[in-house]
Number of protein chains: 2
Amino acid sequence: MSTPKTKIAILDDHPLIIEGLKLLFSASSTYEVSASFKSAEELFAYENMNHIDVLLLDVFLTHDNGIDVCLKVKKLHPKLIVLGMSSQSERSIVMQMIKNGASGYLLKSAGLEEFVYCISHALNGSVVFSKEVQKIIDKVQLSDLKSIPRLTRREKEILKLLIEGKSTQQISDELFLSYLTTQTHRRNLLYKFQVKNVAELVSFALKNGLL
Amino acid sequence: MSTPKTKIAILDDHPLIIEGLKLLFSASSTYEVSASFKSAEELFAYENMNHIDVLLLDVFLTHDNGIDVCLKVKKLHPKLIVLGMSSQSERSIVMQMIKNGASGYLLKSAGLEEFVYCISHALNGSVVFSKEVQKIIDKVQLSDLKSIPRLTRREKEILKLLIEGKSTQQISDELFLSYLTTQTHRRNLLYKFQVKNVAELVSFALKNGLL
DNA sequence: CTGAAAGTACCTAAAATCAGGTAATTTGAA
DNA sequence: TTCAAATTACCTGATTTTAGGTACTTTCAG
């Protein structure tokens, strides 16, 4: 009898990526793609998750947030090895994933060998990054240690309007708030994100997928 | 003798996507993937481009800008059918691509059938969009008719620093410019993008992949 | 029921942005 | 070489943001 193959599951809303990964592992004698999901909902509905060894998790899903999914998955299945994936990457996102229990992070632009390499090393207990991600990690800028702050409902509303380029007055009118109240929320946002002005706030918010 | 297959070329810096597409068409009797490139440079160095029927073009490339690549490709090979692809999409980008000669646009999250469907219709001379893209197109907001303005070298530099949240003074120091000069460039940027403030500028620039 | 967090609102003043000009010099493509 | 575009720089004034406070009310989970 042969050793059972390592079972891989994929959560990604891009069918092409799923197919590409399936193809990649179809020839492998040690790995197999046992399940694939296009939404977090599908994943959590899956019964046999405890037979899965590795989860490749797209971080920028249309409906769900990969960082939250990672935490939830690790809570339910602590032994499962989770690897984050995305097209672009921001240091803070990678860090957030690791913090939430991911064993590594790879860019989708990684070469095929890198996928195999990272998965095998993650299975051995290492925390692994694809080359490009490693580059980003290495840029240890103290300023980049920013994590994504927890925002209140109001703050999210105001952030959204700031991203649209609305002025304090416009926001106040739109949300039926005093000009001074909006000013306070605005200030709190700058403080929470530890940024100097709204431009940087918008930049950080968009790069971190806080649409 | 059989009809020759439709030849497809792919420009995408994600090996997985390329493999996925190759796989998708490997079983087809009417289509074949004849070439794939990971950068615009590779593509323009390719000799047999005039034998290609369709180019699937990733719009957000690490090094190049898909919109510019599209224009250049269509200039060199007017008969070539170009289809834009990306993970997320903004209306203005889709429009820009069409303006630059693309015959359609698809999200990478499109189903595999959609790829085949869009390619075949594009070959028949139609302009096609995947479902999700069509939804975006349908949102005809006058404000979205903005096209991406052409920026000068200096303006790009300054835009980049604005995105980082730098103040006029910081930018001036960094680029060895007078405060007043930076102010002028800044004003020109706001004017060119037709936005009210830097927050909206940053938002527009990031959403449109002007990193 | 109670306390912490969230939401609301106000005051002041410095700093920066935004918006309207004009104009000289440099650069690069035709 | 020549001319348009780009880059640089300055002036002024209104508007807005940023930064530092304080403080009352509402909401909601424990």
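Letters A, B, ... are given to chains in the order of the sequence lines, protein chains preceding strands, and every chain is numbered from 1.
- Straight-line distance from the CD atom of B/Glu155 to the C1' atom of D/dT7: 10 Å, rounded to whole Å.
- Between B/Thr152 and D/dA5, a side-chain N or O to OP1/OP2 separation shorter than 4.0 Å is absent.
- The distance between atom CD1 of A/Ile158 and atom P of C/dG7, rounded to the nearest whole Å, is 9 Å.
- Note on A/Thr181: a base of the nucleic acid sits closer than 4.0 angstrom, heavy atoms only.
- Atom P of nucleotide C/dT17 and atom CD of B/Glu200 are separated by 17 Å, given to the nearest angstrom.
- One can place CG of A/Asn197 at 8 Å from P of D/dA19, the figure rounded to the nearest angstrom.
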Q: Please test A/Lys160 against A/Glu164 for salt bridge (Lys or Arg N to Asp or Glu O under 4.0 Å), starting from the C-alpha separation and ending with a verdict.
A: CA-CA 7 Å; A/Lys160 187 176 150 284; A/Glu164 289 172 16; 3.4 Å; yes

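- A/Thr168 comes within 4.0 angstrom of sugar-phosphate atoms only, judged by non-hydrogen atoms across all strands, and of no base.
- Nucleotides of DNA chain D nearest to B/Leu180 and B/Arg150 differ in position, and the one nearer the 5' end is that of B/Arg150.
- Between B/Arg186 and D/dT8, a side-chain N or O to OP1/OP2 separation shorter than 4.0 Å is absent.
- A salt bridge is absent between B/Asp53 and B/Lys79: the closest approach of a Lys/Arg side-chain nitrogen to an acidic carboxylate oxygen does not fall below 4.0 angstrom.
- Of the charged side-chain nitrogens involved, none lies within less than 4.0 Å of a carboxylate oxygen, so that B/Glu200 and A/Lys166 do not count as a salt-bridged pair.
- If you check every strand for non-hydrogen atoms under 4.0 Å, A/Gln169 touches nothing.
- Between A/Leu177 atom CG and D/dT25 atom P there is a gap of 18 Å when expressed in whole angstrom units.
- A/Leu190 places its CG atom 14 Å from the P atom of C/dA16, with the value rounded to the nearest Å.
- Residue-to-nucleotide proximity on DNA chain D shows that, of A/Arg153 and A/Thr184, the 5′-proximal contact is made by A/Thr184.
- The side chain of A/Ser178 contributes an N or O atom lying less than 4.0 Å from OP1 or OP2 of C/dC10.
- A donor-acceptor contact under 3.5 Å is formed by the side chain of A/Arg187 with the base of D/dG20.
- Within the 3.5 Å criterion, the main-chain N or O of B/Ser126 finds no donor-acceptor partner in the side chain of B/Asn124.
- The distance between atom CG of A/Leu175 and atom P of C/dT8, rounded to the nearest whole Å, is 8 Å.
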Q.
Evaluate A/Asn48 against A/His51 for side chain to side chain donor-acceptor pair (under 3.5 Å), listing each step before the verdict.
A. CA-CA 6 Å; A/Asn48 293 73; A/His51 297 129; 3.3 Å; yes

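- We find that CD of B/Glu157 is positioned 9 Å from P of D/dT7, with the value rounded to whole Å.
- Note on A/Tyr179: a base of the nucleic acid sits closer than 4.0 angstrom, heavy atoms only.
- In this structure, B/Val198 and A/His185 both approach DNA chain C, and ranking their closest nucleotides by distance from the 5' end singles out A/His185.
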